[in-house]
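Keep in mind that this is a model prediction, so the values were computed, not measured. Chain letters run A, B, ... following the sequence lines, proteins first, then strands; residues in each count from 1.
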2 protein chains.
Amino acid sequence: MTEPRPDSRPTLEAVAAHAGVSRATASRVVNGGDGVRTHLADRVRTAIRELGYIPNHAARTLVTRRTGAVAVIIPEPEIRIFSDPFFSRQVRGIAKELTAHDTQLVLLLVEDRGDYDRIERYLAGGHVDGALAFSLHADDPLPAIIRRIGMSTVFGGRPGWTIGPAEHDGVTYVDADNRGGAREAVRHLLAQGRRRIAHIAGPLDQTSAADRLSGYRDALAAGRPELFAEGDFTPAGGARAMAELLDRDPGIDAVFAGNDLMATGALRVLRESGRTVPGDVALVGFDDAEAVAESADPPLTTVRQDIEGMGRLMARLLMDTLNVGPDERTAPRPVITATELVRRASA
Amino acid sequence: MTEPRPDSRPTLEAVAAHAGVSRATASRVVNGGDGVRTHLADRVRTAIRELGYIPNHAARTLVTRRTGAVAVIIPEPEIRIFSDPFFSRQVRGIAKELTAHDTQLVLLLVEDRGDYDRIERYLAGGHVDGALAFSLHADDPLPAIIRRIGMSTVFGGRPGWTIGPAEHDGVTYVDADNRGGAREAVRHLLAQGRRRIAHIAGPLDQTSAADRLSGYRDALAAGRPELFAEGDFTPAGGARAMAELLDRDPGIDAVFAGNDLMATGALRVLRESGRTVPGDVALVGFDDAEAVAESADPPLTTVRQDIEGMGRLMARLLMDTLNVGPDERTAPRPVITATELVRRASA
DNA sequence: TTGTAAGCGTTATCAG
DNA sequence: CTGATAACGCTTACAA
C-alpha cells in the first residue's frame, strides 16, 4: 500500500549521478546555474525533476549561514494583542512580502517577561536571519537583546525610547503618521464648527497613543482648551473614558478617539447618556478597523492607516538589509506612512 | 566599541576543548547528560556558560532530521480570514503550547491556489516536523499534499471531506461541538416561547457552518418550519441574509446566527426595520468573539467555544504524534470540544 | 566550464 | 563511561 522507503529523499549526490555530472555542478544549477554549459544544466534540471529533488534546508543553512527565515516577534502584555485586527493585518502584509522573497515567517509570541530569555536564545541560536518586532514600550528588553546579538531588525511603530519621527537613534521602523492623522481628524471636527473637542487617548506609554495626542494638541493650538482622558484601546476603556469626560464637561460636542475600538465604547456611552451622534456629539476614530468602523451605528468617520501595507514595508526593509551584507547598508531610518481621513456618518 | 568578531559563535568543539573532554562527551551533556560522570558534566556545563555556547540548529537538524519546528497553515480564500479573531486566538493557543514544547511556529499563509506548490515544496523540504492546518473546504488540495509527502498533521475544524464527527477517515482534527452548540442555542430560543426561529448560516461549504445548520435542524425537529439563509460569516453577509429572511417572513421572532459577526449585521438590519432586540426578535450568535459579542448593543447571547484551548489541543496532539515515532502512534481521531451557551441581553 | 575536496557543527556508532 | 571517527547534504575555494 505504501512506498518502500518514502522517508529518505534524493540528495544532490543522486541528482549529480543521475545527470552524469559532479555534485558541484549540480549544486551550481540548483542555485541559478550561472556558468554552467546549458547542455549540462538541462541534464541536471531533468534529473531534478525526475527524481523530485528538493534541497535539504539544514545542510544548506549549515554552510551558507543563511536560514531563509525571519522572526516576527509579537508581545502580548495585555490580553488584547493578538485578537486585535491590527496585528493580524500587519502580519498578513508581512507574510505576503516574505513569501515573495521566498522567506519563511517564524512567529514568536511573547507572553511575559520571562519569555525574553527564550527569545534571546532563539535569536542568538541563528534560527533566523533577521527580526520584525512590534509596539515596544519604553522599557522593553527586546531592543537591548537585539543590539547585543547584533540582529538585523525592523520595528513596527515608533519605539518608546525614541524621541519622535525626526530624532531616532539607529533603528529602522515603520509607523503611520499618527500625529498628522490625528491633526487632520481634529481639524475636520473644527471645520464642522465643533467647539468642545475631547480626546480619548490610548495608553500613553505606547507611542501611537502619545503621537495621536500630540496631533490632537497641534490642532487645538489656537487657544482651545484641551480635554482628554486615557483609555486602553478597548471598547470598555473607551466607554470608561467617555463617561469620565462627560462627567468633567457635559458640554462636549465632539470626540476624537485614539482608535475605533474605543470609539465604539464611547458611542455606547454617548447613546446611553441620551446624546445623538453626530447630532449632539461628533465622533472620529482611528484605524479604520474593518468590521468595526464600518459596521458601527452610525458608521465611524475615522483615520485610516494602511496596516497591511505597513507590514509589507517592514518586511521589504528587512529583506533589503539582509541582502546587502553588513558592509554598505543604508543607514537605519524611520519610514512614516500616510494616513487618510475616511468620512462616514459619525462626524 | 563593538567586539572583534561577534560573528562566529563558539562551537561544541570549543566547549569540549575548554572543558578538556571530547566533543562526543560535550554533546552528551548538552543533550541531557545521561551517562556522563557528574564531574565531567559539570565541567562541560561551566564551559558552556563561560563561552556562551548555543547549539547550532542547522547542524543538529542535519543529523537528527528533526527541525523542532511546526508549520501552521492558514488559508485565506476570502479576505476575512486573518482579521477574524477566531484564527488569531487559535494561533495564540497553538503558540503557547508549542513554546511549552520548545518548538517553533512557522506561519504559512495561503493566498491563492497557486500557493500550494510553494507549500508543498516547503513541507517536503523538511523544514518542519509536522503541520497544523485549518478550515479545509471539501476540494482543498492540502490533504492530498499532506498524504503524498506523509507529514504528521492535525487539522483545525472538521475537514470537508469527512462525513461527521463519528465517521472520519484517518485524520486527526480538533473541532468544537458545533452541532451540539447550535442545538442548545435554538432550544434556548424555543424555551423562551419563540415560534418562528430563523437561522443565518455561514458558507455551507465550511463544515462549521454546515454542522451548526444541522444542530439548528435537530432542535427544530418537532414539526417546526425551518427558515434559513446563507451568509458568509461577515457582518455585511449577516445583514444581507437578515434582510432576505425578513422579506420572506416578516413574522420571525428569533434568529440564530452562525457566528457573532453575522449576528451584528443582523442586529443592524433588525433595528433599521424598526424591530427591537430582544423584544420583537431574540438573537443568538456563535463564537463569543471578544470585542464583538460583549460590546454589541444589546450584548449578544451566544455559544462560546474555547478557541484558544482548541489551538492548544491541536498543538498537543501533534506533539504527541511527533514524539513517538511512526511505529506505535495512537490512531488518528477527531477530538470534539464542548461549547457553552453564554446568556446576555439579546435573547 | 567542470571536478576535487575541504569543510559547516552536530549526533551516532563502535571500540576501548 | 569516554573518545575517535564516520556520517548528515550542501556550498565553495581551488585545481584542472
Side-chain angles (χ1 to χ4, degrees), chain A residues 5 7-45 47-48 51-69 102 121 124-129 325, chain B residues 5 7-45 47-48 51-69 102 121 124-129 325:
Chain A
R5 273 235 124 295
D7 205 54
S8 119
R9 297 202 322 276
T11 72
L12 193 56
E13 182 76 50
V15 171
H18 197 83
V21 301
S22 74
R23 195 174 48 218
T25 296
S27 173
R28 289 182 188 110
V29 174
V30 170
N31 298 288
D34 298 350
V36 175
R37 226 179 302 257
T38 46
H39 175 60
L40 287 188
D42 284 344
R43 275 208 337 241
V44 171
R45 272 188 280 267
I48 289 176
L51 267 40
Y53 169 75
I54 297 178
N56 179 304
H57 186 244
R60 184 177 274 179
T61 295
L62 185 55
V63 41
T64 61
R65 282 138 186 303
R66 274 292 223 108
T67 65
D102 224 65
R121 254 198 322 277
H127 294 71
V128 293
D129 300 329
Chain B
R5 273 233 123 299
D7 206 53
S8 118
R9 296 202 321 276
T11 74
L12 193 56
E13 180 76 51
V15 171
H18 197 82
V21 301
S22 76
R23 197 171 18 158
T25 296
S27 175
R28 290 185 187 106
V29 174
V30 170
N31 297 289
D34 299 349
V36 175
R37 226 181 301 259
T38 47
H39 174 59
L40 286 188
D42 284 346
R43 267 193 3 224
V44 172
R45 272 189 279 269
I48 288 175
L51 266 40
Y53 168 76
I54 297 178
N56 179 305
H57 185 244
R60 184 176 276 179
T61 295
L62 184 54
V63 44
T64 61
R65 282 137 185 301
R66 273 294 223 106
T67 65
D102 225 64
R121 254 198 322 276
H127 294 69
V128 293
D129 300 329

Side-chain donor-acceptor distances from residues 17-25 of chain A under 3.5 Å, at least two apart:
from, atom 1, to, atom 2, distance (Å)
A:H18, NE2, A:E50, OE1, 2.8
A:S22, OG, A:A24, N, 3.4
A:S22, OG, A:T25, N, 3.2
A:S22, OG, A:T25, OG1, 3.4
A:R23, NH1, A:E13, OE1, 2.7

With a cut-off of 3.5 Å and sequence neighbours excluded, list every side-chain donor-acceptor pair involving residues 31-39 of chain A.
from, atom 1, to, atom 2, distance (Å)
A:N31, ND2, A:S27, O, 2.8
A:N31, ND2, A:S27, OG, 3.4
A:H39, NE2, A:R43, NH1, 3.3

Task: Candidate pair B:H57 and B:T61, rule side-chain contact (heavy atoms from CB on, under 4.5 Å), full reasoning - done: CA-CA 6 Å; B:H57 185 244; B:T61 295; 3.6 Å; yes
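A close approach under 4.0 Å does not occur between any side-chain nitrogen or oxygen of A:T64 and OP1 or OP2 of D:dT11.
For the pair B:L12 and A:V21, both in contact range of DNA chain C, the more 5′-proximal nearest nucleotide belongs to A:V21.
In this entry the distance linking CZ of B:R60 with P of D:dG9 reads 18 Å, nearest Å.
By the side chain to side chain donor-acceptor pair (under 3.5 Å) test, A:R45 is found to be paired with A:D42, residues two or more places apart in sequence or in another chain being considered. In this structure, A:R121 has no side chain to side chain donor-acceptor pair (under 3.5 Å) partners at least two apart in sequence or on a different chain. For A:D129, the side chain to side chain donor-acceptor pair (under 3.5 Å) criterion is met by A:R66, A:T67, not counting sequence neighbours. Listed by chain and residue number, A:A124, B:R9 satisfy the side chain to side chain contact (heavy atoms under 4.5 Å, CB included) test with B:I54 (two or more places apart in sequence, or in another chain).
Side-chain contact between A:R60 and A:N56 is absent, with no heavy atoms from C-beta onward closer than 4.5 Å. Side chains of A:P55 and A:L12 form no contact here, defined as non-hydrogen atoms less than 4.5 Å apart.
Reading DNA chain C from its 5' end, the first and the last nucleotide to sit under 4.0 Å from a heavy atom of chain A are C:dT1 to C:dG9.
Less than 4.0 Å separates DNA chain D from at least one heavy atom of each of the following residues of residues 28-39 of chain B: B:R28, B:G35, B:V36, B:R37.
Rounded to 10 degrees, the angle between the two end axes of the helix from C:dT1-D:dA16 to C:dG16-D:dC1 is 40°, with five pairs used at each end.
Checking B:V29, B:V44, B:V30 one by one against B:V15, the side chain to side chain contact (heavy atoms under 4.5 Å, CB included) holds for a single residue, B:V44.
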Pairs under 3.5 Å (N/O, protein and nucleotides 6-8 of chain D):
from, atom 1, to, atom 2, distance (Å)
D:dC8, O3', B:R65, NH2, 3.1

